[in-house]
Amino acid sequence: MADGRTIGDLDLLAYVDGHLDPARRREVEAHLALHPEAAAWVRDCLEQNALVRELYDDAYRAAPPESLLAALDRPGRRSARPMMRMAAALLVLAATGVTGWWIGKSGLGPSEAYESFVAEAVAAHRSALYPETAGIELATFGDVQALSWLAEKTTFELQAPDLRELGLELVERRVVAVQDGRPGAQLTYEDAVGRKVTVYLRPRWSERDPAFRLTEHEGWPTAWWVSGPLTHAMTGDLPAAELLALAEAFHTRLGRPGTEMVPRIPEIDERPLQGLEAPMQATADESPLAPLDAPQGDRPENDAQSM
Amino acid sequence: MPDELKWMIARELPRLRRYARALRHQPAAADDLVQDCLERALRKRHLWTRRGSLRNWLLRMLYRTHLNALRSRRPQSSLDELSDSEPALAQPAAQFQRVELREMEAALDRLPREQRDTLLLVALEGLTYDEAASVLGVPVGTVRSRLSRARSALVALREGAAVEGAPIAEAPIGGAVNDDGDGRPRLRRIK
């Protein structure tokens with residue numbers, strides 16, 4: 001309340017930090033008009049505030065990196081890329097041909113393509129078991145690191161899964177191609193009694209430009225296409241031609257290896273959520289000033305919170 | 001963890017990154033601090049009672065994590081040494097084009113650590129004195145006195161000249177950097 005008390009240190013401090021009610025502010029400002037030294041001090045402090053905020057503004061404005069957002073998904077561990085493990089597992093599933101349902105539903109093509117893939121995987125498996133056996137043309141890519149080769153083709157960083165707790169030791173990693181087939185990465189695991197399990201991994205890239213297809217679901221136009229390791233669907237309330245053009249534009253920009261996509265963090269809502277904010281309990285306060293209302297004016301970034 | 005809490009924490013990431021950047025200077029070190037803070041916050045999420053601000057709870061977590069890191073690194077050294085002022089000043093000058101920004105950063109680095117941390121909470125993050133007291137774990141009177149000292153010190157540093165006497169009406173709170181024994185503060189240039 002404005003009651004003509006002497007303006008002291010604490011008032012000036014509170015003025016700088018915007019903790020005064022309008023009446024008290026006017027009193028302080030009147031005081032400052034008459035006391036140039038105090039006014040200079042206040043001016044300098046306000047400048048300090050502005051500079052400090054400017055110093056660290058870019059840390060505030062920048063979108064937080066994926067690694068931090070990912071840390072929220074994996075409590076207790078410094079997260080690398082949790083999604084990558086899932087992708088590797090899916091690749092493995094596809095290679096072994098277990099997911100027949102997947103082929104059928106997405107209509108990705110005749111299952112003959114996968115039958116020949118499985119045949120190649122089996123041939124590669126046999127060659128891992130009996131390397132001395134002639135009879136199939138097997139090209140091995142000598143120095144090529146199998147997983148870096150895969151990483152380069154798929155833009156995923158993959159790690160050979162650790163299956164030791166299942167009794168399997170990784171004994172071999174190589175890149176092979178069976179007869180005229182396309183090359184794939186083969187991981188060989190071996191158990192304690194010498195039985196071998198191989199995993200054959202081949203990037204599912206499509207050689208041609210993807211076919212962009214238009215469909216509609218519950219009234220929502222959707223363009224979808226398969227390319228590289230992904231199936232894509234773009235949905236929007238747009239005319240067909242526009243949606244297709246947009247899908248192609250998106251795809252062109254998407255398909256560059258190493259492109260980082262960082263989601264934009266929505267604008268920060270400065271207001272506290274209802275029901276979650278409780279005023280801080282005022283501690284015993286030796287100041288002559290009573291706790292006052294929200295800060296004023298020149299601090300656009302700050303919450304209106306009561307002390 | 002419940003998605004709502006995760007979303008609410010994500011909202012606070014820019015603020016946390018900003019304060020961490022002010023504490024640690026280097027962007028990578030700052031983000032490391034935020035990540036450690038998040039992991040700690042997730043482990044202790046049951047302690048957040050939904051009364052009071054999540055933002056302040058996270059800032060408190062961040063500050064405690066920062067202090068723990070300082071203590072575990074070199075417990076016997078003065079904490080002022082660990083303000084990472086050296087790396088900040090070693091950054092290329094083009095980091096801040098404007099001279100006054102560089103000077104402000106240099107001046108901030110010269111403040112005693114607890115004054116700087118307090119000033120940053122109030123001036124940068126806009127916390128009230130009560131909130132800052134809660135984050136820092138000190139009484140609110142301490143917040144006020146640190147603020148007053150920090151601001152006066154910055155005024156002096158930025159002017160680069162000795163300032164005699166108190167610029168304000170009454171006896172200053174808790175004094176400034178030096179006291180000549182007559183109760184009036186003398187602010188000297190700090191080398």
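Chain A is the first sequence line, chain B the second, and so forth, proteins listed ahead of strands; every chain is numbered from 1.
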Student check: side-chain heavy atoms of A/L68 and B/L16 closer than 4.5 Å: no
Worked verdict on B/L147 versus A/V16 for side chain to side chain contact (heavy atoms under 4.5 Å, CB included): CA-CA 11 Å; B/L147 271 179; A/V16 164; over 6 Å; no
Taking every non-hydrogen atom, the tightest pair across B/R151 and A/N49: NH2-OD1, 3.0 Å
Side chain B/R18, main chain A/D57, donor-acceptor under 3.5 Å: no
For B/Q115, all residues meeting side chain to side chain donor-acceptor pair (under 3.5 Å), sequence neighbours excluded: none
Sub-4.5 Å side-chain heavy-atom contact between A/L69 and B/L13: yes
Main-chain N/O of A/L55 paired with B/E105 side-chain donor or acceptor, under 3.5 Å: no
Qualifying residues under side chain to side chain contact (heavy atoms under 4.5 Å, CB included), relative to A/A247, sequence neighbours excluded: A/F212, A/A223, A/W225, A/M234
Aromatic ring pairing B/Y129/A/H19, orientation class (parallel under 30°, perpendicular over 60°, tilted between): perpendicular
Test item: B/Q35 and A/P65 side chains (from C-beta on) under 4.5 Å apart, heavy atoms: no
Validation row: B/R144, A/D9 side chains within 4.5 angstrom (heavy atoms): no
Check: A/Y60 and B/R17 side chains under 4.5 Å, non-hydrogen atoms: no
4.5 Å side-chain heavy-atom contact, B/R158 and A/Q48: yes
Structural part of B/L154 lying under 4.5 Å from a heavy atom of chain A: both
